Amino acid sequence: MTSGRYNPRAAEPRWQKYWAENRSFEVKEDVSQPKYYVLEMFPYPSGRIHMGHVRNYAMGDVLARFKRACGFNVLHPMGWDAFGMPAENAAMEKGVHPKGWTYDNIAAMRGQLKSMGLAIDWSREIATCDPSYYRHEQAMFIDFMKAGLVERKVSLVNWDPVDQTVLANEQVIDGRGWRSGAMVEKRELAQWFLKITDFSEELLQALDTLEKWPDKVRLMQRNWIGRSEGLRFSFVLEDGQGNELPERLVVYTTRHDTIFGASFCAISADHALSKRISKTDQGLAEFRREVSALGTSEETIERAEKKGYALGIYARHPFKPGVRLPVYAANFVLMGYGEGAIFGCPAHDQRDWDFAKTYDLPIFPVVAPRDTGASSVVVGSEPYLEKDGADIVIINSDFLNGMNVAEAKDEIARRFEDAGTGERKVNYRLRDWGVSRQRYWGCPVPMIHCPACKIVPVPKADLPVTLPEDVTFDKPGNPLVHHPTWKHVKCPQCGGAATRETDTFDTFIDSSWYYARFCSPHADVPVDAAAAKYWMPVDQYIGGVEHAILHLLYSRFFARAMGKTHYPNVDEPFASLFTQGMVVHETFKTGDGEWVFPVDAVLKDGAWFHAKSGEPLIIGGIEKMSKSKRNVIDPESIIASYGADTARWFMLSDSPPERDIEWTEAGAEGSWKFTQRLWRLVNEAAALPRAAFKGDYGQAAIELRRAAHRALAAVTDDLSSLRFNRAIARNYELANALGVALAVTGPGADLTSAIQEAADFLVLMFAPMMPHLAEECWEALGHKKTVVDTPWPKPIAALIVDDEVTIAVQVNGKRRDEIKLPKGLSKDKVEQEVMQLEAIKRALDGKPVLKFIVVPDRIVNIVIGG
RNA sequence: GCGGGCGUGGCGUAAUGGUAGCCGCAACGGACUUAAAAUCCGUUUUCCGUAAGGAAGUGCCGGUUCGAGUCCGGCCGCCCGCACCA
């Protein structure tokens with residue numbers, strides 16, 4: 001018998017070595033076996049793993065090990081999202097090369113992840129900064145271009161002045177760069193775009209098929225795509241003297257039912273008409289400068305005072321002869337949506353209302369609840385925004401009067417379509433994906449600019465276009481532009497002098513197809529067809545909800561684009577998605593507002609003090625672990641002191657996985673104690689003489705067996721549905737039951753046998769969570785095979801169900817007593833037994849029984865009068 | 001503003017419409033020990049009661065139901081996402 005305390009420092013490396021040497025988790029396609037692909041969002045190699053990684057990868061690992069034990073051929077790979085700006089920032093700050101910095105970090109983090117004991121097929125490891133990865137990305141981009149999915153256009157871009165790069169709309173948060181936090185400016189630049197909008201409708205529709213995604217994420221994507229059905233039509237314009245102008249004003253609206261309530265038109269400050277007039281109108285030029293200085297940003301801060309500038313031209317109302325609507329340039333109209341021009345109906349739109357109030361424009365109510373009567377509507381203190389329902393009708397609108405909103409929309413659309421001056425149109429909020437970045441540490445865009453041939457793709461034989469390594473970071477902007485030779489090439493078409501594209505790809509491209517690359521990480525093509533056919537889609541994807549829109553939407557688009565260009569992939573790459581909660585921790589501050597690391601905070605007599613200076617600390621609240629607030633716990637130090645199993649166990653216990661979990665020293669300590677307790681219990685069980693018992697079990701043995709089989713059934717169920725916290729509670733229960741049985745002195749052969757079975761089950765049940773301890777325990781229990789080669793046991797059905805049940809007895813819905821009865825007893829028998837109970841007789845108090853409700857084997861409710 | 005989620009002991013949480021609080025943490029009492037740590041046993045929603053037992057109880061108000069933490073409606077609070085999208 002092994003005795004003493006369990007020592008993870010010896011046991012964990014031993015088993016990690018065993019799994020590596022036996023290639024326990026390396027897999028290949030095997031059509032005779034069902035496959036299961038479990039993937040956690042791959043990490044950015046920032047330097048060290050953090051607790052969020054521990055939680056994420058612990059969850060994926062539990063699932064991988066569980067499914068493997070259940071007989072699945074499990075693909076569980078790991079890689080590195082290795083391009084990106086932190087590497088360049090490090091280069092600028094510390095004078096290291098981004099490549100060296102990145103690969104050093106990968107090496108360090110690989111070591112840390114391996115110390116977690118993850119069941120990963122390391123032979124499939126990939127890094128997106130490796131030319132053997134990004135060359136395929138370049139090839140696909142060229143094919144996307146041939147398929148019409150790539151566009152180069154001059155556009156207003158979000159320019160991050162700190163990072164000196166362009167940001168996608170999705171990367172601008174509250175008008176600030178998502179990484180630098182700097183206020184974003186608008187600039188005009190020629191950019192590469194991927195035409196994600198070609199798939200707007202498909203990406204929207206297919207959300208309905210993603211039943212195993214959280215509703216929340218599907219909703220967020222739905223809103224992001226932002227479909228709306230409306231009408232595009234044009235106004236005839238005239239000048240101040242009533243002369244018709246040659247140009248028409250095209251607007252987009254979803255409320256064409258309110259056309260008779262129109263009192264002005266507004267166009268974006270960046271609208272072509274606004275730009276042209278500003279050349280001769282100083283006031284307008286000034287207004288445009290004002291609006292662009294405000295950017296997309298301050299508007300949100302200032303909560304948008306509606307501002308406009310009258311252009312001095314007018315739009316003729318299409319149905320009200322002689323009525324003309326003044327046209328304004330306005331700050332609240334966005335160039336990027338619809339036509340960048342609207343008609344304003346103040347009575348039924350909040351923004352139009354605010355604008356009309358500011359500029360003293362007329363307000364015509366044209367929609368009203370039916371029962372108020374058409375003529376009685378007066379303009380109140382706010383717009384009337386209701387539009388749904390049969391009782392809401394159009395008023396003051398000539399031929400629309402009395403129609404409901406839908407009917408009126410139909411009628412207006414029909415009239416415009418008949419006249420050829422308008423058409424129904426579906427609009428999306430989603431824009432094309434700008435993928436150009438003016439950075440060094442990214443995948444080079446494989447294009448060449450030739451003065452004669454214009455844009456020429458790099459011939460595939462010349463791929464990959466690799467990054468030059470001899471670059472400097474001494475000036476702002478893109479080092480590829482400053483490089484003396486790299487960009488100078490001969491044009492592949494005409495042979496003349498040409499230059500390379502110096503933009504690199506948005507790193508979200510790298511992560512839009514890595515899951516497919518894992519199927520065949522060493523293939524000469526991006527994705528091997530047979531491998532993808534076998535492994536795709538990912539059966540369970542696990543990661544943070546912060547990627548609910550960007551990464552997940554891009555991946556869904558990229559998969560479709562790959563399909564369209566005949567690369568193997570499936571339209572929906574992630575069959576099931578799980579978004580896990582964050583790891584949070586108490587924050588500590590000194591009196592001067594300095595954040596203090598938790599390791600420097602000590603608790604004394606109910607108050608916190610600084611470990612070194614002894615000064616009292618202020619508790620700042622429980623927040624997501626972040627470097628800035630210093631409320632971080634280093635996983636490496638936790639693993640060093642408690643072992644990986646204890647860290648994994650704590651990360652999975654208590655909180656449901658989708659919710660935030662608070663790291664506490666006490667909680668970690670508790671997990672550590674339980675680790676030791678399991679070791680003791682198993683060794684006690686192992687010390688009993690081996691007995692294979694076949695005869696009749698006594699009461700204590702039966703109870704333990706029931707507990708074991710019931711726990712097994714519950715854990716199987718919980719792990720299948722990723723309810724790790726519940727699985728862990730069931731493990732505690734079985735450990736408690738085992739402890740009770742082991743306390744019996746001189747157990748008979750029957751109980752000994754039951755104990756050994758329970759110990760086996762317990763070990764196999766916690767093995768996905770604490771794999772190293774499980775192997776040690778399994779060995780101690782005398783098994784020849786290892787846990788990873790042992791299939792998940794099946795509970796015996798007869799032992800899960802009781803032949804006796806405890807039935808609660810209620811009188812008028814209040815619990816009065818309970819009674820043990822044989823399972824499946826008839827209603828009459830139950831009634832007979834229940835009526836004998838003293839407590840029930842007392843509660844009935846001689847009153848007449850009106851109803852006797854029996855829910856079989858569960859509950860009885862007696863309804864009495866009086 | 002719009003959309004979504006959540007609200008249960010001192011704390012983290014659990015509960016196919018069917019005995020609210022499994023399991024853990026903390027706390028308290030006890031055993032072992034010279035002592036401490038570790039370990040083991042017990043108590044722990046609140047109130048009344050020595051007890052037996054009783055009453056109340058899942059943010060608040062109402063509804064559906066024999067029965068509601070769970071379903072429906074309305075409030076209050078907290079969290080998250082989106083936000084001038086015509």
Side-chain angles (χ1 to χ4, degrees), chain A residues 5 173-174 214-220 222-224 226-228 230-232 251-256 258 265-266 268 296 299-300 302-306 330-334 336-345 348-352 354-355 385 427-431 545-546 548-549 581 650 653-656 658-662 664-671 673-674 676-677 680 714 723 725-736 739-740 743 806-818 839 842 850-864:
Chain A
R5 284 162 79 79
I173 296 151
D174 288 338
D215 289 342
K216 180 184 170 179
V217 173
R218 290 198 284 174
L219 189 72
M220 282 164 77
R222 195 168 288 131
N223 291 340
W224 192 262
R227 185 183 198 273
S228 68
L231 181 75
R232 182 169 65 178
V251 301
Y252 178 75
T253 179
T254 56
R255 288 301 305 272
H256 28 301
T258 66
C265 284
S268 166
T296 51
E299 299 167 12
T300 41
E302 270 191 317
R303 187 68 60 113
E305 192 195 336
K306 305 285 176 288
N331 64 349
F332 67 92
V333 180
L334 306 175
Y337 187 80
E339 300 296 326
I342 62 160
F343 77 79
C345 175
H348 305 293
D349 181 283
Q350 186 66 53
R351 289 171 324 223
D352 296 348
D354 296 343
F355 192 78
L385 302 174
N427 241 321
Y428 299 90
R429 181 182 174 279
L430 185 69
R431 314 297 158 70
V545 73
E546 66 271 20
I549 298 173
F650 178 62
S653 54
D654 292 339
S655 276
E658 68 277 10
R659 232 179 277 181
D660 290 351
I661 191 168
E662 187 192 354
T664 61
E665 192 60 35
E669 192 66 35
S671 292
K673 284 180 187 170
F674 187 63
Q676 295 296 344
R677 178 153 176 253
R680 273 194 311 276
R723 288 177 292 199
N725 55 321
R726 298 212 311 192
I728 280 180
R730 301 291 87 82
N731 270 280
Y732 274 105
E733 277 176 357
L734 182 55
N736 291 343
V740 168
T806 305
I807 294 177
V809 184
Q810 299 179 334
V811 175
N812 280 352
K814 262 192 180 9
R815 181 183 166 282
R816 290 298 170 187
D817 205 353
E818 59 181 35
R842 219 182 313 133
L850 302 179
K851 236 180 187 178
F852 198 95
I853 294 156
V854 178
V855 180
D857 299 334
R858 272 197 177 268
I859 202 164
V860 165
N861 191 9
I862 307 168
V863 186
I864 60 169

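Atoms considered below: every heavy atom in the structure, side chains included; atoms not considered: hydrogens, waters and symmetry mates. Chain naming here is simple, since letters A, B, ... match the order of the sequence lines and numbering starts at 1 in each. Remember, predicted model here, so these are calculated numbers, not experimental data.
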Inter-nucleotide C1' distance (B/C71, B/G3), Å rounded = 22 Å
Please measure how far the C1' atom in B/G53 lies from the corresponding atom in B/C61, and state the result in whole Å.
-> 33 Å
Side-chain N or O of A/R816 less than 4.0 angstrom from OP1 or OP2 on B/A55?
-> yes
Taking for A/Q810 and for A/L219 the nucleotide of RNA chain B with the nearest heavy atom, the one nearer the 5' end belongs to A/L219
Can you tell me if the side-chain N/O atoms of A/R730 get under 4.0 Å from OP1 or OP2 in B/C22?
-> no
Between B/U45 and B/A83 - P atom distance, rounded Å = 47 Å
Take the protein atom NZ of A/K673 and the nucleotide atom P of B/U39, then report the distance between them rounded to whole Å.
-> 5 Å
Could you check which nucleotide pairs with B/U39 in any of the strands shown, counting Watson-Crick or G-U wobble with both distances under 3.5 Å?
-> B/A31
Pairwise P distance for B/G9 and B/C47, with rounding to whole Å | 14 Å
Given that both distances must come in under 3.5 Å, which nucleotide forms a Watson-Crick or G-U wobble pair with B/G81?
-> B/C2
B/A20 and B/A31, which share atom name P, separated by this distance in whole Å = 36 Å
Are any of the side-chain heavy atoms of A/T258 and A/F343 separated by less than 4.5 Å?
-> yes
Quick one: label A/V863 by what it contacts on the DNA or RNA (base, sugar-phosphate, nothing), any heavy atom closer than 4.0 Å.
-> sugar-phosphate
If you look at every strand shown and take non-hydrogen atoms under 4.0 Å, does A/V333 touch a base, only sugar-phosphate, or nothing?
-> base
For the pair made of CG in A/N861 and C1' in B/U65, what is the distance, rounded to whole Å?
-> 11 Å
Backbone of A/G230 reached by a side-chain donor or acceptor of A/N427 within 3.5 Å | no
Taking a pair to mean Watson-Crick or G-U wobble geometry with both distances below 3.5 Å, B/G9 pairs with none
Quickly work out the A/K814 NZ to B/A56 P distance and round it to whole Å.
-> 4 Å
In whole angstroms, the gap separating P of B/C82 from CG of A/L430 amounts to 15 Å
Under 4.0 angstrom, heavy atoms only, what part of the nucleic acid is A/N812 near: base, sugar-phosphate, or nothing?
-> nothing
For B/U44 and B/A27, measure between their C1' atoms and round to the nearest Å.
-> 8 Å
Using whole Å, report how far CG of A/N223 lies from C1' of B/C80.
-> 13 Å
Can you tell if the side chain of A/I342 reaches within under 4.5 Å of the side chain of A/F332, non-hydrogen atoms only?
-> yes
Between atom CG in A/D660 and atom C1' in B/C6, what is the gap in whole Å?
-> 12 Å
Quick one: label A/Y732 by what it contacts on the DNA or RNA (base, sugar-phosphate, nothing), any heavy atom closer than 4.0 Å.
-> sugar-phosphate
If the glycosidic angle is within 90 degrees of 0 it's syn, otherwise anti, so just tell me which one B/G9 is.
-> syn
A/S653 near the nucleic acid: base, sugar-phosphate alone, or nothing, with a heavy-atom cut-off under 4.0 Å?
-> nothing
How about A/R726 and A/N731: does a side-chain donor come under 3.5 Å of a side-chain acceptor?
-> no
Any N or O donor-acceptor pair linking the side chain of A/R858 to the base of B/U16 at under 3.5 Å?
-> yes
Angle class for the A/Y252/A/Y337 ring planes (parallel below 30°, perpendicular above 60°, tilted otherwise)?
-> perpendicular
Compare side-chain N and O positions of A/Y337 against OP1 and OP2 of B/A86 and report whether any pair is under 4.0 Å apart.
-> yes
Could you check how far CZ of A/R232 sits from P of B/A86, rounded to whole Å?
-> 16 Å
N or O in side chain of A/R726 less than 4.0 angstrom from B/G24 OP1/OP2 | no
In whole angstroms, how far is the P atom of B/C80 from the CH2 atom of A/W224?
-> 18 Å
Donor-acceptor pair present, A/K216 side chain and B/C80 base, under 3.5 Å = no
Presence of A/N725 side-chain N/O under 4.0 Å of B/A14 phosphate oxygens OP1/OP2 = yes
Start at the 5' end of RNA chain B and walk down; is the nucleotide closest to A/I661 or to A/N736 reached first?
-> A/I661
Could you work out the separation of B/G21 and B/G69 based on their C1' atoms and round it to a whole Å?
-> 11 Å
Say you pick atom C1' in B/A86 and the same atom in B/G5; how far apart are they, in whole Å?
-> 29 Å
May I ask you to evaluate whether A/R429 reaches the phosphate of B/A83, defined as a side-chain N or O under 4.0 Å from OP1 or OP2?
-> yes
